[in-house]
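Hydrogens, waters and symmetry mates play no part in the numbers below; they use all other heavy atoms, side chains included.
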Amino acid sequence: MTLQTMTGGCHCGAVRFRARVDPDARVLACNCSICLSVGFLHVIVPRENFELLSDWEDLALYQFNSGVARHWFCPTCGVKAFYRPRSHPDGISINARCIDGIDLDTLNIEPFDGRNWEANVAGIRADGAR
C-alpha cells in the first residue's frame with residue numbers, strides 16, 4: 001500500500017495538518033449527535049501518520065461522555081478538522097471535508113450507525129484504520 005501525503009486544516013487557516021493516508025481508505029459518515037452536528041466525514045489514520053503543523057496549544061478541546069475522545073477545534077472559526085476518536089484512541093480521525101483539494105464526489109462514503117455506537121464499533125476497529 002502506497003500512502004499519499006495530504007494536507008488540510010480549518011476554515012480560517014489557523015489549524016493546519018499533514019497526514020499520510022491510504023488513498024483507498026474508508027470514509028465514514030457517522031450519524032451520532034456530534035458528527036451530525038459538525039458534518040464530520042471520518043478518515044482514520046494511525047497517530048504516527050498525522051502531523052499537526054500549527055501548535056496544539058492553539059486548539060480548543062471539547063470532551064464529553066467517556067472523555068476518551070478528544071475533540072480539538074479551531075477557537076477562531078470553530079471548525080473541527082480532526083480529533084482523537086474513542087474507537088481508535090491511538091489514531092486520528094481527519095474530517096475529509098477539511099482535506100485540501102478533496103473532491104467528495106470521488107470518495108466511497110460509508111454510513112456508520114454511531115447512534116448505536118456500542119453495537120457497531122467493532123466493525124470499524126477490525127484493522128486499526130477500518
Partner set under side-chain hydrogen bond (donor to acceptor under 3.5 Å, both in side chains) for [X], not counting sequence neighbours:
X: Arg18; result: Glu51
X: Thr76; result: none
X: Gln63; result: none
X: Asn49; result: Arg20

Shortest non-hydrogen contact from [X] toward [Y]:
X: Ala81; Y: Phe17; result: CB-CE2, 3.9 Å
X: Ile109; Y: Ala29; result: CG2-CB, 3.7 Å
X: Cys35; Y: Cys30; result: CB-O, 3.6 Å
X: Leu59; Y: Pro75; result: CA-CD, 4.2 Å
X: Pro85; Y: Gly91; result: CD-O, 3.7 Å
X: Ser54; Y: Ala14; result: CB-O, 3.3 Å

Review point. Are any side-chain N or O atoms of Arg97 and backbone N or O atoms of Leu41, one a donor and one an acceptor, separated by less than 3.5 Å?
Key: no
Check your understanding: Who pairs with Asp55 by side-chain contact (heavy atoms from CB on, under 4.5 Å), at least two apart in sequence or on another chain?
Key -> Glu57, Asp58
Exercise for review: Applying side-chain contact (heavy atoms from CB on, under 4.5 Å), name anything that partners Ser66, two or more places apart in sequence or on another chain.
Suggested key: Val68, Arg86
Check your understanding: Taking Ser93 as the fixed residue, which of His42, His88, Arg84 is the one that meets the side-chain hydrogen bond (donor to acceptor under 3.5 Å, both in side chains) rule?
Key -> His42
**Study point:** Near-ring test Phe82/His71, centroid separation under 6.0 angstrom
**Key:** no
Review point. Taking the six-membered ring for Trp, is the centroid-to-centroid distance between Tyr83 and Phe73 below 6.0 Å?
Key: no
With rounding to the nearest 0.5 angstrom, report the [atom1] to [atom2] distance, [X] to [Y].
X: Cys32; Y: Asn116; atom1: SG; atom2: CG; result: 11.0 Å
X: Met6; Y: Cys98; atom1: CE; atom2: SG; result: 13.5 Å
X: Asp22; Y: Ile44; atom1: CG; atom2: CD1; result: 13.0 Å
X: Asn31; Y: Leu36; atom1: CG; atom2: CG; result: 6.0 Å

Review point. For Phe40, which of Asn95, Ile34, Ile94 qualifies under side-chain contact (heavy atoms from CB on, under 4.5 Å)?
Key: Asn95
Check your understanding: So if you build clusters from Ile, Leu, Val, Met, Phe, Trp, Tyr with side-chain heavy-atom gaps below 4.5 Å, do Val38 and Val15 land together?
Key -> no
Review point. Given Arg115 and Asn120, is the side chain to side chain contact (heavy atoms under 4.5 Å, CB included) satisfied, shown in steps?
Key: CA-CA 9 Å; Arg115 287 185 186 144; Asn120 296 305; over 6 Å; no
